[in-house]
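The structure appears right after this line, and notes come after that.
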Number of protein chains: 2
Amino acid sequence: MEAARPLRADARRNRERVLDAARASFREYGRNAQMDDVARRAGVGVGTVYRHFPDKAALVEALVSERFREFAEDGRRALEEEDDVWEAFTGWLMRCGEWQESDRAFCEYLTNAVPHETKALVAEREGLQEVDRLFIEKGKRAGVIRDDARPDDIPLIMAGIAATARTGGIGNWRRHLHIALDGLRSASDRKLPD
Amino acid sequence: MEAARPLRADARRNRERVLDAARASFREYGRNAQMDDVARRAGVGVGTVYRHFPDKAALVEALVSERFREFAEDGRRALEEEDDVWEAFTGWLMRCGEWQESDRAFCEYLTNAVPHETKALVAEREGLQEVDRLFIEKGKRAGVIRDDARPDDIPLIMAGIAATARTGGIGNWRRHLHIALDGLRSASDRKLPD
DNA sequence: GTACAATCGGAACCGGTGTTCCGGTTCCAG
DNA sequence: CTGGAACCGGAACACCGGTTCCGATTGTAC
């Protein structure tokens, strides 16, 4: 169903342009980015934007989806290339923070409850959860992550960083991340609730 | 200039009603709350809402301002009534989280950069910063807060909690807060960057 | 080369929401 | 009691931005 009819050459090219323009616009303005602006940057009419994406929400989802995938990939790579688990873990979240710093739409997505997610996005999110699981597990085994940590603590921290990446003053999200990481580190006198 | 002319009786009563309605509406819907809805809940016409607040932003600011003040007051009280500093500190932030959980507008305010703040709001925010300073100082002196912590780490954590109070699943913000608090606790092997 | 289907552009449309405006009403001073 | 200033209500307005639509254009199969 995907390759039913390979997009016409100009159509494919325009689709790329639209995606590029959307990336730029949404990263800068977040949800406030305007479809007209996306079209203008792409050097294309709004109609063309709508031919490739049914509506604005779909465009945002496509971009966020992309980010989730990149993030998960980066995590897997770190997990297998870096042999110090803690290094891999912190490096991974640090890079995530850097992306967030320059991607307003992504931050907004992480800090605001979204009504309905596409199947595609849910799948991407689940892929990421798997990476969270791997990190926590490996970290615990190596004794660097506290025993009562859970995979779903990571999204909490990511969302937190997303919030400060946009309001805490430039670069301050790094402190925030470090604090959270220290809280996740293994130590004998700690106990998370529940 | 404040008491130049004491508001007419009905006007004062309506002002209260508008504020009550606005509280309810903005807490539930955040920035998406509609002026018409506020007016309806207050049993008043939109015109009346606008007579007391120049525009929507002013209304939001009034409410956020109120929250900042309450939060600062609560902190001062905890600081002098509770003699265990760490208890006071964690209790304070916990209560803050609980407020956030039921105040969407407040969360949104903390997690989104706002263009221009009113003098009044800035003052309120500074009052809160003073409380942050007191907590950090007293905590360090008691040896329960790490030496390299800074007063402005607290707003970072608050913003982080605000993010998860709305996206992390019910009650999960508590875990997030605990992790952050453990990261802020004093321990010998830690060092924040910068 | 030609024809037709896919694609394009962007003006026009349209719903939603903040804000204004003014005739009617209410409060209060004298 | 009464005049008038302050206040009220909510219909109407204005603007903004997402979405639609269709005549013009372009790519490609035959």
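Lettering of chains follows the sequences in order, A, B, ..., and the numbering in each one begins at 1.
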Round to the nearest Å and state the distance from B:D36 atom CG to C:dG16 atom P.
-> 13 Å

Separation of A:H52 atom NE2 from C:dT7 atom C1', in whole Å?
-> 8 Å

Can you tell me how far P of C:dC8 sits from CZ of A:R40, to the nearest Å?
-> 19 Å

Compare the minimum distances between each of C:dT7, D:dG18, D:dC8 and the side chain of A:A11, then state the nucleotide with the smallest one.
-> C:dT7

Run through A:R67, A:R104, A:E117, A:R31 and flag the one making a side-chain hydrogen bond (donor to acceptor under 3.5 Å, both in side chains) with A:Y109.
-> A:E117

Where the side chain of B:Q34 is defined as all heavy atoms beyond and including C-beta, which of D:dA11, C:dT17, C:dC28 is the nearest nucleotide?
-> C:dT17

Look at the side chain of A:D55 and decide which nucleotide, out of D:dG9, D:dT19, D:dG27, has an atom nearest to it.
-> D:dT19

Nearest-Å distance for atom pair CZ/C1', residues A:R31 and D:dG18 = 14 Å

Applying side chain to side chain contact (heavy atoms under 4.5 Å, CB included), run through B:R150 and B:I136 and close with a yes or a no.
-> CA-CA 7 Å; B:R150 294 193 317 217; B:I136 294 292; over 6 Å; no

Return the value, rounded to whole Å, for the distance between atom CG of B:N14 and atom C1' of C:dT26.
-> 11 Å

For A:A33, answer base if it contacts any base atom (sugar-phosphate contacts may also be present), sugar-phosphate if it contacts only those atoms, and nothing otherwise; contact means non-hydrogen atoms under 4.0 Å.
-> sugar-phosphate

Give the nucleotide from the list C:dC8, D:dT28, D:dT20 with an atom nearest to the side chain of A:Y50.
-> D:dT20

Indicate whether the side chain of A:S25 and that of A:D37 have a donor and an acceptor atom separated by less than 3.5 Å.
-> yes

Nucleotide nearest A:A9 when distance is taken to its side chain, options C:dT19, D:dT28, D:dG18 | D:dT28

How do B:P54 and A:V44 order along DNA chain C: which one's closest nucleotide is nearer the 5' end?
-> A:V44

Would you state whether a donor and an acceptor, one from the side chain of A:R8 and one from the base of D:dT26, lie under 3.5 Å apart?
-> yes

Is the distance between the ring centroids of A:W92 and A:F135 under 6.0 Å?
-> yes

Using atom CZ of A:R13 as one end and atom C1' of D:dT26 as the other, report the distance to the nearest whole Å.
-> 10 Å

For atom CZ of A:R12 and atom P of D:dG27, their distance in whole Å | 13 Å

Please work out if B:A42 contacts a base, only the sugar-phosphate, or nothing of the nucleic acid, heavy-atom cut-off 4.0 Å.
-> nothing

Do A:F89 and A:I154 come close enough that some side-chain heavy atom pair is under 4.5 Å?
-> yes

Rounded to whole angstrom units, what separation is found between the CZ atom of B:F53 and the P atom of C:dG18?
-> 16 Å

Given DNA chain C, 5'-ward residue of the pair A:T48 and B:K56, judged by closest heavy atom | A:T48

Ignoring the backbone of A:R51, work out which of D:dG9, D:dC7, C:dG9 is nearest its side chain.
-> C:dG9

